[in-house]
Amino acid sequence: MDFARSRVAIGVAALASLWLLGWPEGRGVPTSSAQEAKASPPIWTVPEIGALPDDADGRLVRQGRDLITATYAHLGPEVADRAKRFAGNNLACGNCHLQAGTKKFGIPLFGLFGKFPHYNARLGAEMTIEERLNACMTRSMNGRPLPAGAPEMQALVAYIKFLSTGVAPGQLLPGMGTGNMPELDRAADPARGEALYANACVACHGPDGRGIRRSLPTTDLGYMMPPLWGNDSFNDGAGMARLITTANFLHFNMPHGVDYLNPLLSPEQAWDIAAYVLSQPRPRKAGLDKDFPDLLEKPVDAPYGPYADGFSEQQHKYGPFAPIRAAIARLKAEKAGAPSPPPR
């Protein structure tokens with residue numbers, strides 16, 4: 001009995017202590033004043049497509065997702081309806097926009113809808129989301145533009161809009177793009193990259209970079225592993241044809257299954273493998289000389305001229321990029337009438 005009374009007394013004392021320490025009346029757990037004053041902001045997560053109803057809007061979003069993951073089956077160069085052959089290769093948008101555009105640093109599509117229209121340096125004008133999608137169609141997919149009113153275009157836009165559900169205007173989500181690893185202070189080396197490719201990449205993409213088809217000779221099922229160069233790959237005007245994009249994509253996503261938390265390729269290895277991949281032949285896009293009307297806005301790793309900075313196409317393609325950036329900064333300062341930054 002005395003033992004039981006002692007336990008009750010201890011419990012009462014503990015409750016009294018909690019009260020004195022600020023356990024607010026009516027609360028089930030103690031809360032500090034700092035926690036009350038400032039609640040943690042909600043963490044945004046990718047919306048669940050499976051929760052959409054089976055109505056017209058839900059089906060449109062799902063169609064957009066299917067177009068991302070199996071572009072070749074709906075818009076590829078060998079689909080039965082010739083009028084639907086908008087893509088010039090048998091890739092899928094999801095070969096670059098990993099996990100249907102939901103993987104961090106796998107060129108995700110989430111959070112993009114509210115950013116359009118916006119100024120695009122390559123176009124030299126405002127760009128709509130439809131124009132941005134058609135840039136992928138004509139470059140990464142090496143094909144032709146989709147009409148703005150086409151059902152497939154409407155589905156793609158609906159899917160990207162869905163992936164931006166809950167994103168506040170101007171909100172910057174983590175994981176956009178391909179990441180930003182340290183650059184080399186030398187040119188990336190295709191010869192080194194070839195040896196590294198043989199060890200890390202050839203099992204999936206093949207010694208000739210042609211990837212692995214899902215079925216042969218039937219060609220409507222795309223690739224298990226996409227080609228990295230050759231006639232069925234992206235053309236030289238695609239974003240993935242730029243070294244900085246490809247190297248970061250490899251570092252944070254390859255070999256298949258890797259993510260940004262546990263990369264397997266070192267930055268140096270990724271730079272050199274990317275250089276090897278981009279040194280290989282691929283389709284050429286006409287009219288690239290018209291890209292970037294203001295050449296001072298042209299990315300330092302754009303692998304095609306003309307350039308305003310005096311550096312060679314070779315250095316723009318493989319680096320090092322720091323001297324190019326310094327030259328562009330000086331030219332911009334001169335154009336603005338401001339003192340030029342000192343040379344590095």
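Residue numbers run from 1 in the order of the sequence given.
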Does the side chain of [Y] come within less than 4.5 Å of [X]'s, by heavy atoms?
{"X": "Thr71", "Y": "Leu91", "answer": "no"}
{"X": "His74", "Y": "Lys84", "answer": "no"}
{"X": "Leu250", "Y": "Gln269", "answer": "no"}
{"X": "Glu130", "Y": "Val157", "answer": "yes"}

Over 60° means perpendicular and under 30° means parallel, so tell me whether Trp44 and Phe110 are parallel, tilted or perpendicular.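 Trp44 vs Phe110 ring planes: tilted.
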Is any side-chain N of the basic residue among Glu131 and Arg122 closer than 4.0 Å to the acidic one's carboxylate O?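 Not counted as a salt bridge, because no side-chain N and carboxylate O are separated by less than 4.0 Å.
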Taking the basic N atoms (NZ, or NE/NH1/NH2) and the acidic carboxylate oxygens, is any pair closer than 4.0 Å for Arg186 and Asp272?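 Yes, charged N to carboxylate O under 4.0 Å.
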Please list all pairs passing the side chain to side chain donor-acceptor pair (under 3.5 Å) test where one or both residues lie in residues 303-312, with sequence neighbours left out.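 Of all non-adjacent pairs touching residues 303-312, those that pass side chain to side chain donor-acceptor pair (under 3.5 Å) are Asp291-Tyr304, Asp309-His316.
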Once side chain to side chain donor-acceptor pair (under 3.5 Å) is applied, what residue pairs with a partner in residues 234-245 remain, sequence neighbours excluded?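 Applying side chain to side chain donor-acceptor pair (under 3.5 Å) to every pair that reaches into residues 234-245, excluding sequence neighbours, yields Asn142-Asn235, Arg242-Asp301.
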Asp66 and Arg59: salt bridge (Lys or Arg N to Asp or Glu O under 4.0 Å), yes or no, with the steps? CA-CA 10 Å; Asp66 292 345; Arg59 288 190 291 273; over 6 Å; no
Applying a strict under-4.5 Å side-chain criterion to I, L, V, M, F, W and Y, I'd like to know whether Ile160 and Met137 cluster together.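 Same cluster.
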Which heavy atom of Thr128 sits nearest a heavy atom of Pro117, and at what distance?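 Closest approach of Thr128 to Pro117, heavy atoms only: CA-CB, 4.2 Å.
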State the CG-CD1 distance between Asp189 and Ile273, to the nearest 0.5 angstrom.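 Result: 12.0 Å between the selected atoms.
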